Amino acid sequence: MNKKIYVYFYVAYPYYYPHFIPIGKVFEQNGCEVFYILSDKQNTDNMKFIAEENNLKYHLGVEHLYDKKADVIFFANPFDDTQNINAVTVFLEHGIGTKSNSFYNAIEYFDIYLVEGIQKYTTLLNLYPTQKDKLAQVGFSKFDEILNKQSEYKETIFKKYNLDQSKKTILYAPTFFPSSIEKMADNFPNEFPDCNILVKPHYLTYERKKYKNQLKKFEKWANYENCTILPLTEYNLVPFLAIADVMISDESSAMFEFAALNKPVVSNRYFKLRLSYYLMPWKLSRRIDQSKMFYRQILDNANNYQDTLSYVKETLINPTKLESKRLDFAKDICGEIDGKVSVRIYEKVMKRLSEKNV
C-alpha cells in the first residue's frame, strides 16, 4: 500500500483524547496522516486547546467525517451513520469494560469493534455470532502511556505541582453527579498530612453553575499545603493514574482503570443528590450503571466519610489487600496490559484496510 493513509479520530468529548492519542502516535510513526475531528457542539474551546497543546492536527465540525479523504475513522461512541462514510470505521468504547451493554449493538454498523478483554469479547460473540470477524480483542489503549511513560510522568507532575517525592500520593477523582464531594469534610486534606493529595475534578464541575458548591469545597481544600486542586486544563487523568498510590472516587469508571493497574481504590457510596432524587429514589438506581456492581469486590466501598478515612489509611499501610481480585479483574476486563495495545490496533486496522483495497 504505497499511497498516504489518512486516519481520523472523532473527538466528541475531551476525555476521548487519552484513548486516541497513543493510537494516533503509532499510525504517525508508520507514516500515516492523522487528524482529530473535533465536535463543534460542546467543549470546543477546551478540545482545541488540548489539540494545540499536543501538536495534533485537527478539523472542527462533524462534516469532516464525510469529506471522503479518510481511509480510517475511529469513534468512541456509537455513530449509526457510518453507512454514509467512505472509510474503514473502528469502534473503541471510551470507558473500561465494566460499562453496561448499551453500546453492544454498535457492532452492527462498524467495520471493526475493538474490545479490551475476554469478558467483553465472549459477551459480544454470544450476542452477535455472525459478526465475529469484526471483533478484535486488543487490550485497553489508555494504559499504553501509563506503562511507557510512568517515570516521565512522575518527574514531570511532581515538579510541576511541587509535590514531596518522599510522600505517598492520594488521588481524589470524583464524578460530577452523583458525587461525594459535598459530603467530604472541609478539612479533608488535614486527615493525611503526610501525603500528597491531588484532586482531579470532572470537567463539568468547572463548567456548570449548578456544581458551584463543589468548587467552593475545593477552594477550602486548596488552603492546605499538601493539597493540589488540578485545573480544567489537566484534561488527562492518565499521568495521575500513573503516579498515585491510592485513589478515592465515587461513580467514575476511572476507579476500575486504577484498580486494573493493581492499585487500591476507595469508592465513596454516599452522595449529595438533587431534590428530585430524594423524592424519587428509583432515579438514582437508574442513573448508576448497575452492571458495575459485580466488580465492586475489587474496591473498598465506603458508606460514609469515616469509612473513607479508615479505608484510605488501611490501604496506605497494606496496599496488597485486594491484589488477587484486582489481578483477576484486570485479566478478564482489560486483557493484556503490556504497553503495546496501540500497536495491535494499528496492525488490525491495516490488515482490514488492505483486505478492503484488494
Side-chain angles (χ1 to χ4, degrees), residues 1-94 102-115 124 128 130-136 138 141-142 144 235 341-358:
M1 196 177 295
N2 295 320
K3 83 177 193 72
K4 179 74 76 172
I5 303 300
Y6 285 80
V7 180
Y8 288 1
F9 292 87
Y10 178 48
V11 187
Y13 298 95
Y15 50 84
Y16 289 3
Y17 277 117
H19 303 269
F20 285 160
I21 289 177
I23 304 168
K25 286 180 179 178
V26 173
F27 276 95
E28 286 180 329
Q29 290 163 5
N30 285 276
C32 300
E33 285 285 339
V34 175
F35 288 87
Y36 293 79
I37 310 302
L38 312 184
S39 170
D40 57 2
K41 303 298 183 185
Q42 66 273 315
N43 314 120
T44 304
D45 289 342
N46 191 23
M47 292 195 295
K48 286 169 62 178
F49 172 84
I50 294 166
E52 291 165 4
E53 184 182 46
N54 288 275
N55 297 313
L56 307 177
K57 298 175 184 175
Y58 68 90
H59 297 304
L60 187 61
V62 71
E63 65 272 12
H64 290 281
L65 298 174
Y66 304 94
D67 64 11
K68 298 186 178 179
K69 293 179 181 178
D71 298 284
V72 180
I73 304 180
F74 282 81
F75 296 84
N77 250 10
F79 193 89
D80 57 9
D81 196 32
T82 53
Q83 67 269 21
N84 293 316
I85 292 176
N86 185 32
V88 170
T89 54
V90 185
F91 180 70
L92 170 72
E93 190 175 337
H94 68 265
S102 57
F103 293 166
Y104 286 172
N105 68 334
I107 196 172
E108 297 178 336
Y109 43 86
F110 284 94
D111 296 312
I112 301 174
Y113 193 117
L114 302 174
V115 298
L124 283 162
Y128 305 97
T130 62
Q131 307 282 354
K132 180 180 179 180
D133 290 344
K134 294 184 178 182
L135 283 172
V138 292
S141 65
K142 193 173 179 179
D144 280 359
Y235 74 96
V341 176
S342 300
V343 173
R344 288 193 286 274
I345 292 172
Y346 168 79
E347 291 171 349
K348 178 68 178 180
V349 170
M350 294 305 291
K351 182 174 184 291
R352 178 59 60 90
L353 190 59
S354 177
E355 292 169 350
K356 179 183 177 182
N357 293 328
V358 170

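Please read all numbers here as calculations on a predicted model, not as lab measurements. Residue indices begin at 1 and follow the sequence shown.
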TODO: Over 60° means perpendicular and under 30° means parallel, so classify the ring planes of Phe9 and Phe20, tilted if in between.
DONE: tilted
- [ ] Side-chain contact test, heavy atoms from C-beta onward, threshold under 4.5 Å: evaluate it for Lys3 versus Asp71 and give yes or no.
- [x] yes
TODO: Taking all heavy atoms of Glu108 and all of Lys134, pick out the closest pair and write down the distance.
DONE: O-NZ, 3.4 Å
Open item on the list: Could you tell me if the side chain of Tyr235 sits less than 4.5 Å from the side chain of Pro18, heavy atoms only?
Closed with: yes
Open item on the list: Under a 3.5 Å distance rule, please check whether Asn30 uses its side chain to pair with a backbone N or O of Val26 as donor and acceptor.
Closed with: yes
TODO: Would you check if Glu63 and Asp67 make a side-chain contact, meaning some heavy-atom pair closer than 4.5 Å?
DONE: no
Task: Short side-chain to backbone donor-acceptor contact, Lys4 and Glu33, under 3.5 Å - done: no
TODO: State, yes or no, whether a side-chain contact exists between Met47 and Tyr17 at a heavy-atom distance under 4.5 Å.
DONE: yes
Open item on the list: Which heavy atom of Lys68 sits nearest to which heavy atom of Asn86, and what is that distance?
Closed with: CG-CB, 4.5 Å
Open item on the list: Once you measure the plane-to-plane angle for Tyr6 and Phe35, does it fall in the parallel (<30°), tilted (30-60°) or perpendicular (>60°) bin?
Closed with: parallel
TODO: Please confirm whether the backbone N or O of Val341 pairs with a side-chain atom of Ser141, one donor and one acceptor, at under 3.5 Å?
DONE: no
Task: Donor on one side chain, acceptor on other, Asp81 and Asn84, under 3.5 Å - done: yes
Task: Side-chain heavy atoms of Phe79 within contact of Ile73, under 4.5 Å - done: no
TODO: Begin with the C-alpha distance, continue with both residues' side-chain angles, and end with the deciding distance and a verdict on side chain to side chain contact (heavy atoms under 4.5 Å, CB included) for Val72 and Tyr8.
DONE: CA-CA 6 Å; Val72 180; Tyr8 288 1; over 6 Å; no
- [ ] Measure the CD1-NZ distance between Ile50 and Lys48 for me, rounded to the nearest 0.5 Å.
- [x] 12.5 Å
Open item on the list: In the structure I gave you, are the side-chain heavy atoms of Phe27 and Met350 within less than 4.5 Å of one another anywhere?
Closed with: yes
Task: N/O donor-acceptor pair under 3.5 Å between Glu93 side chain and Pro78 backbone - done: no
Task: From CG (Asn77) to OG (Ser39), nearest 0.5 Å - done: 11.0 Å
Task: Aromatic ring pairing Tyr16/Tyr13, orientation class (parallel under 30°, perpendicular over 60°, tilted between) - done: perpendicular
Open item on the list: Once rounded to the nearest 0.5 Å, what's the spacing between atom OH of Tyr113 and atom CG of Leu124?
Closed with: 5.0 Å
Open item on the list: Evaluate Val349 against Phe74 for side chain to side chain contact (heavy atoms under 4.5 Å, CB included), listing each step before the verdict.
Closed with: CA-CA 10 Å; Val349 170; Phe74 282 81; 3.9 Å; yes
Task: Closest approach of Asp133 to Lys348 (non-hydrogen atoms, all atoms of both residues) - done: O-NZ, 4.1 Å
Task: Asp144 (side chain) donor-acceptor with Ser342 (main chain) under 3.5 angstrom - done: yes
Open item on the list: Is the shortest side-chain heavy-atom distance between Phe103 and His94 below 4.5 Å?
Closed with: yes
Task: For Thr44 against Lys41, the heavy-atom pair lying closest together - done: OG1-N, 4.0 Å
Task: Short side-chain to backbone donor-acceptor contact, Arg352 and Val88, under 3.5 Å - done: no
TODO: Would you kindly say whether Asn54 and Tyr36 are connected by a side-chain donor-acceptor distance under 3.5 Å?
DONE: no
- [ ] Could you tell me whether the side chain of Leu135 reaches within less than 4.5 Å of the side chain of Tyr128, counting heavy atoms only?
- [x] no
TODO: Looking only at non-hydrogen atoms, find the nearest pair between Ala87 and Asp111 and report the distance.
DONE: O-OD2, 3.4 Å
- [ ] Report the distance from atom CG of Leu114 to atom NE2 of His19, rounding to the nearest 0.5 Å.
- [x] 12.5 Å
Open item on the list: Before we go on, tell me: are the rings of Phe75 and Phe110 under 6.0 Å apart, centre to centre?
Closed with: yes
Open item on the list: Salt bridge check, Glu347 against Lys351: does any charged N sit closer than 4.0 Å to a carboxylate O?
Closed with: no
Open item on the list: Minimum heavy-atom separation for Phe91 and Ala76, please, with both atom names.
Closed with: CE1-C, 4.0 Å
